[in-house]
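Right, one structure below, let's go through it.
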Amino acid sequence: MRRLLILSLLWISLTAWGQRYSAFIETSRASISGICVLVSDSTSTIRGSLFNEFGITALDFTYVPAREKVRLHSVMPALDHWYIRRVLRRDLRQIVPLLTGADKSVTHTNERYHITYTFTPLPDDSEE
Amino acid sequence: MSTVSAQTDEIARAAAAVKTMECDFVQTKQLKLLNDKLVSKGRMYYRQSDKLRWEYRSPYTYTFILNGQKVLLKNARKTDVIDTSQNKIFREIARMMMSSVVGDCLGNDKDFKTAIATTPTEWVATLEPKRKDMRQMFRQIILHFNRTKKMVSSVELIEPKGDKTVIELQNVKTNAPVADTLFALD
């Protein structure tokens, strides 16, 4: 029993990971910056959060790689409109797979709506 | 927990005596959905009555300068100067940051319902926003005051979904000269 527990914990520690990025989102009219944190567990579901530098959350989401599906859990009131949620879901579905394991900046452009997303990995000292 | 009382007056008097302030800060963002946290660090400078520099140095660089009605936002890619009289969101953020740092939001009955608890070392003020736009951002703002110094030692910002940001002020120095250039908007 104890061996099983140890093996389970070892499996979780080997398969779980977390990544942090500075995020910069630019549209034709405005730009915003912030921080993006992604965490994956042993189920391989990726949970993500985007918030500004002061810590105020803009959105929380999960991404299931097997189904390529993004679910938005919370969206700040200014962005909480069905048409914005749809764009965010579609863009995150493209962006999150690019970010997993990325050790360099990742840029994604939504050509239709002229939105450019840039994510740059943060140094490890953000975790203490 | 008592209602706002004599402590508010004491804190207000102490805040009025703070002409300048500078300190290090450690900000810990706790992410409920991710069961994770992000720690960022920086330095803050304040000069009465309307100048504030809030500078993140690690793990990212980001500078927020409030000087009168203007706010400068500088990240690694861009610098913006915003007139808070024309931007409601930034007016509120600037007002909130400034009043939290010196603790003068306690007497603001119009915007917050306030209660104060006393511990042997601290006064803990819990502010609940009354206005809808503020309630959408914060469920509660909790200010911890050092009873000896009558100054803010940490601020907790609790969001409606349960995420929490704790800002601890360290190595606080008051009423020492603070250079004008720190608040420059160019």
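Lettering of chains follows the sequences in order, A, B, ..., and the numbering in each one begins at 1. Heavy-atom basis, side chains included; hydrogens, waters and symmetry copies ignored.
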Closest approach of [X] to [Y] (non-hydrogen atoms, all atoms of both residues):
X	Y	answer
B:Asn75	A:Phe24	ND2-CE1, 3.6 Å
B:Thr165	A:Gly55	OG1-O, 3.5 Å
B:Lys37	A:Arg20	O-NH1, 2.9 Å
B:Lys161	A:His73	NZ-O, 4.4 Å
B:Pro59	A:Pro123	O-CD, 3.5 Å
A:Val39	B:Leu34	CG2-CD2, 3.8 Å

For residues [X] and [Y], determine if any side-chain heavy atom of one lies less than 4.5 Å from a side-chain heavy atom of the other.
X	Y	value
A:Thr118	B:Arg77	yes
A:Ile56	B:Phe138	yes
B:Lys29	A:Thr57	yes

Atom [atom1] of residue position [X] - does it have more than 12 heavy atoms of other residues, nucleotides or ligands inside 6.0 Å?
X	atom1	value
B:Lys130	NZ	yes
B:Lys70	NZ	no
B:Asp80	CG	yes
B:Gln170	CD	yes

Under a single-linkage definition using a 4.5 Å side-chain heavy-atom cutoff for Ile, Leu, Val, Met, Phe, Trp and Tyr, are [X] and [Y] assigned to the same hydrophobic cluster?
X	Y	answer
A:Tyr113	A:Leu79	yes
A:Tyr21	A:Val106	yes
B:Ile167	B:Tyr62	yes
B:Phe183	B:Leu185	yes
B:Leu73	B:Ile65	no

- prompt: Per the ring-ring contact (aromatic ring centres under 6.0 Å, His included) rule, which among B:Phe64, B:Tyr60, B:Phe25 passes with A:Phe54?
  reply: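 Exactly one pass, corresponding to B:Phe64.
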query: Measuring from A:Met76:CE to B:Gln136:CD, what's the distance to the nearest 0.5 Å?
result: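 Between atom CE of A:Met76 and atom CD of B:Gln136 there are 9.0 Å.
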- prompt: Between B:Leu31 and chain A, which part of the residue has a heavy atom less than 4.5 Å away: side chain, backbone, both or neither?
  reply: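 Only the side chain of B:Leu31 comes within 4.5 Å of chain A.
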field: Test log, rule side-chain contact (heavy atoms from CB on, under 4.5 Å), inputs B:Asp36 and A:Arg47
entry: CA-CA 10 Å; B:Asp36 198 4; A:Arg47 288 169 285 150; over 6 Å; no
message: Taking side chain as everything from C-beta outward and backbone as N, CA, C, O, which of these in A:Phe51 sits under 4.5 Å from a heavy atom of chain B? Side chain, backbone, both or neither.
response: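 Just its side chain gets close to chain B.
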- prompt: Where on A:Thr120 is there a heavy atom nearer than 4.5 Å to chain B: the side chain, the backbone, both, or neither?
  reply: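 Answer is neither: A:Thr120 stays 4.5 Å or more from chain B.
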- request: Go through the side-chain N and O atoms of A:Ser31 and B:Lys78 and say whether any donor and acceptor fall under 3.5 Å apart.
  value: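 Looking only at side-chain atoms, B:Lys78 and A:Ser31 do form a donor-acceptor pair, the distance falling under 3.5 Å.
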